[in-house]
Amino acid sequence: MIRMTLAAMAVVTPATALAQDGLAIRDAYVRSANPKSAAAFMVVENRGTGECRLTGVSSDAAAMVELHTNAEQDGVMKMQKIEGGIAIPAGGEHVLARGGDHVMLMGLTRPLADGDAVALTLDFGDCGTRQVEAALDNGRTEETHGAQAGSGGHQGH
Ligand SMILES: [Cu+2]
């Protein structure tokens, strides 16, 4: 029995280790339309050989942090909590952008001003955690990820 367990671990461990080394987060920034809440956006890249799943985010800057997406409901775009996390495939990336998936910060411990940095801890489950600092930038336009433009009806971010 012990021999079988060791063999199984030998198969699983290398892929996991590579995946941990392969996560990169770029273009992180925060928008805040009111003193109570904010939304964080970023690109999560997985250069590893195994899938990683963003299961949750925590921050000292807010009482509650959730993964949200926008989905059309009865012709209106509405924010919804993402259940089960966001999978980032090996060799792929996931874009959190305005009008789409985002990190929602609710109950800000203090209002944010332009340039204020928010520290986020991203929990990737088996792939470990990552720290990212995202500065508030309400004037930012999403020229690099224009696919989200024109989705409309998304007030408050
Ligand atoms: Cu939201």
Side-chain angles (χ1 to χ4, degrees), residues 16 19-157:
T16 308
Q20 283 174 342
D21 294 334
L23 282 170
I25 293 143
R26 64 174 200 268
D27 294 342
Y29 73 103
V30 173
R31 290 176 62 87
S32 179
N34 64 66
K36 295 241 172 67
S37 68
F41 309 98
M42 69 200 71
V43 180
V44 183
E45 190 183 349
N46 181 4
R47 298 173 186 146
T49 53
E51 181 186 278
C52 289
R53 184 172 289 272
L54 177 59
T55 56
V57 182
S58 60
S59 175
D60 290 340
M64 204 196 309
V65 186
E66 290 181 350
L67 290 169
H68 276 189
T69 191
N70 280 283
E72 198 173 310
Q73 228 176 14
D74 303 323
V76 184
M77 290 295 280
K78 282 188 175 163
M79 291 201 302
Q80 289 177 353
K81 189 178 174 185
I82 295 175
E83 305 289 350
I86 297 171
I88 299 107
E93 65 178 31
H94 190 91
V95 179
L96 285 79
R98 289 164 66 189
D101 298 348
H102 54 276
V103 176
M104 193 82 206
L105 297 108
M106 290 164 286
L108 293 177
T109 49
R110 63 183 173 86
L112 296 171
D114 231 33
D116 283 356
V118 176
L120 303 168
T121 302
L122 284 68
D123 188 349
F124 289 95
D126 291 344
C127 292
T129 59
R130 289 293 182 281
Q131 313 279 336
V132 63
E133 284 235 324
L136 187 89
D137 189 356
N138 278 341
R140 177 161 173 155
T141 53
E142 221 128 11
E143 71 283 343
T144 45
H145 304 292
Q148 303 292 339
S151 53
H154 187 57
Q155 306 298 320
H157 284 174

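All ligand and atom numbering here is 1-based and tracks the order in the structure.
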Practice prompt. Check whether any N, O or S atom of Met104 sits under 2.8 Å from the Cu ion (ligand 1).
Written response: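 Looking at Met104, which is the residue asked about, there is an N, O or S atom under 2.8 Å from the Cu ion (ligand 1).
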Worksheet item: Is the shortest heavy-atom distance from the side chain of Arg130 to the side chain of Val132 under 4.5 Å?
Response: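 No - every pair of side-chain heavy atoms lies 4.5 Å or more apart.
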Discussion item. Given 3.5 Å as the limit, does a donor-acceptor pair link the side chain of Thr121 with the main chain of Gln131, or not?
Written reply: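 Such a contact is absent between Thr121 side chain and Gln131 backbone.
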Worksheet item: Does the Thr129 side chain pair with the main chain of Asp123, one donor and one acceptor, at a distance under 3.5 Å?
Response: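 The answer is no, because no donor-acceptor pair under 3.5 Å joins these two groups.
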Worksheet entry | Angle at the Cu ion (ligand 1) (to 10°), with one arm to NE2 of His102 and the other to SD of Met79 |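 Taking the Cu ion (ligand 1) as the apex, I get 100° for this pair.
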Worksheet item: Between His102 and Phe41, how do the two ring planes meet: parallel, tilted or perpendicular, split at 30° and 60°?
Response: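 Taking Phe41 first and then His102, their aromatic rings sit tilted (interplane angle of 30° to 60°).
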Fill in: Nearest to the Cu ion (ligand 1) - the N/O/S atom of His68, by atom name
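Nearest N/O/S atom of His68: ND1.
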